[in-house]
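Below is one structure, written out as structure tokens; the observations come after it.
Here the structure is a predicted model, which is why all the values come from computation and not from measurement. We use all heavy atoms of the structure for the numbers below, so side chains are in, but hydrogens, waters and symmetry mates are not.
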Amino acid sequence: MTTAATETAKAPKTSRDWDMAAIAPFIALALLLVLGYFANPNFVSVANILNVITRSAFIAIIALGATYVISSGGLDLSVGSMVAFVASLMILFLNAAPIADPMMLLIAGMLLALLLGAACGLFNGLITTVGRIEPFIATLGTMGIYRGLTTWLSQGGAITLRDRELQALYRPVYFGDIFGVPVPIVAIFVTAAIAAFVLYRTRYGRHVIAVGSNEDVARYSGISVRKVRTIAYIIQGLCVAVAVLLYVPRLGSTSATTGILWELQAITAVVVGGTALRGGVGRIWGTVCGAFILEIVGNIMLLSNFVSEYLIGAIQGAIIIIAMLVQRSLMRRS
């Protein structure tokens, strides 16, 4: 009886009791779908929707890692450069490793990408926690390091996967499907489900929110702030590596321009999804929704003649500013 009364008391009674920051991304997504239909009826075709979601996989998965970093009170501007660096090293390994069996070579290359992503994330985390450098400055520096190393590795050109047999073996990781659902879409939701479980159902997830909410209180409560934030950056690195595993079979090559402005798109997806940029609030499924919104906006621009497709970057920049203004407005009301 008491439990039922408690649940009734907690239930939202009016629209003001709803968490609008959590609901808003999904309302915006629904409105965009309607707008897309009126802009071009072909927009809502199953083929186009699957194509849009598939193309959003890279940003969506990277943004899931960014959700952890931002929720813990950090920031990572190096993710786009990290993609280029990890992908370049992975392709170089696949081209040069003395492993005769193509399947074993591919597995080894994928494991290497995951290790490299985790190592890059650890490097970022240690600089910000042990080095006590502001995340903005620290990851701005590592962004230059990863991008510069990629340029050096490629000598200003492209690094291409040379083995045709290996390309054919790897191709289904991006272009294949599981029961009719493209593999990248499956990867988005599997990664998001794992990320949601860890953030909402584990002690580490509670620590992430606690550290982002108030670092001093978390420290006095016995939480290792350095450990929590360092692990958050490692998770970010692993998410970057997963995105790389999907990116390499799509084009089979990488260059110094790979991943440019992906950090802006990832942060925008996180903020649009309802995660507070100041930390302390993390919304995994909102982040996925935010990534879909960004890709849908670009798709509508391509299918209609309302706005030039060359303004996609400008529109995305405007979206993050608007999202921040909306967040601030909702914070003041609460």
Side-chain angles (χ1 to χ4, degrees), residues 21-40 43-44 48-71 75-83 174 182 184-185 187-189 191-192 195 236 239-240 242-244 246-247 250 257-277 282-304 306-327:
I23 300 172
F26 299 96
I27 295 175
L29 179 61
L31 292 174
L32 273 176
L33 292 174
V34 174
L35 176 62
Y37 172 77
F38 284 108
N40 189 324
F43 170 80
V44 293
N48 185 63
I49 294 297
L50 288 178
N51 183 44
V52 168
I53 299 176
T54 298
R55 290 207 312 269
S56 72
F58 310 130
I59 299 303
I61 292 172
I62 292 171
L64 288 171
T67 303
Y68 276 82
V69 172
I70 293 173
S71 297
L75 188 68
D76 194 343
L77 300 177
S78 70
V79 293
S81 301
M82 197 188 301
V83 168
Y174 181 82
I185 297 179
I188 292 173
F189 286 100
T191 306
Q236 173 72 93
C239 287
V240 166
V242 173
V244 167
L246 296 172
Y247 178 83
R250 182 190 183 194
T257 60
T258 296
I260 285 181
L261 291 183
W262 281 16
E263 53 279 341
L264 171 63
Q265 295 178 54
I267 293 171
T268 303
V270 173
V271 174
V272 169
T275 295
L277 198 57
R283 306 188 193 281
I284 294 296
W285 296 108
T287 293
V288 173
C289 182
F292 291 169
I293 287 173
L294 291 182
E295 194 61 44
I296 286 172
V297 167
N299 188 249
I300 291 174
M301 291 171 66
L302 288 172
L303 292 177
S304 67
F306 297 146
V307 183
S308 171
E309 61 186 271
Y310 299 110
L311 290 174
I312 290 178
I315 297 298
Q316 290 174 344
I319 287 173
I320 191 171
I321 293 173
I322 294 169
M324 287 302 300
L325 290 173
V326 171
Q327 273 195 12

>> If you apply the rule side-chain contact (heavy atoms from CB on, under 4.5 Å), what do you find for L33 with I49, and how did you get there?
In response: CA-CA 10 Å; L33 292 174; I49 294 297; 4.2 Å; yes
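- Here the straight-line distance linking atom CD1 of I300 with atom CZ of F43 works out to 4.5 Å at 0.5 Å rounding.
- Relative ring orientation between F58 and Y247 is described as perpendicular, the plane-to-plane angle rising above 60° on a 0-90° scale split at 30° and 60°.
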Residues 60-67 side chain polar contacts: donor-acceptor under 3.5 Å, at least two apart:
unit_1: T67; atom_1: OG1; unit_2: A63; atom_2: O; d: 2.9
unit_1: T67; atom_1: OG1; unit_2: T287; atom_2: OG1; d: 2.8

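- The CG atom of L294 lies 12.5 Å from the CG atom of N299; values are rounded to the nearest 0.5 Å.
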> Step by step, would you call N48 with V52 a side-chain contact (heavy atoms from CB on, under 4.5 Å)?
Replying inline: CA-CA 6 Å; N48 185 63; V52 168; 4.0 Å; yes
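- With sequence neighbours excluded, no residue satisfies ring pair (Phe, Tyr, Trp, His ring centres under 6.0 Å) with W285.
- Between A192 and V288, the shortest heavy-atom distance links the atoms CB-CG2, 3.8 Å.
- Between atom CG of residue L246 and atom CD1 of residue I185 there is a gap of 11.5 Å, rounded to the nearest 0.5 Å.
- Of the listed residues (I322, I321, L277), just one forms a side-chain contact (heavy atoms from CB on, under 4.5 Å) with V271, and that residue is L277.
- We find the CD1-CG distance between I293 and L32 to be 6.0 Å, quoted to the nearest 0.5 Å.
- Here the CD1 atom belonging to I267 is positioned 12.0 Å from the OG1 atom belonging to T275, to the nearest 0.5 angstrom.
- To the nearest 0.5 angstrom, C289 atom SG is 10.0 Å from I27 atom CD1.
- Sorted by first then second residue, the side chain to side chain donor-acceptor pair (under 3.5 Å) pairs that include residues 53-64, not counting sequence neighbours, are R55-E295.
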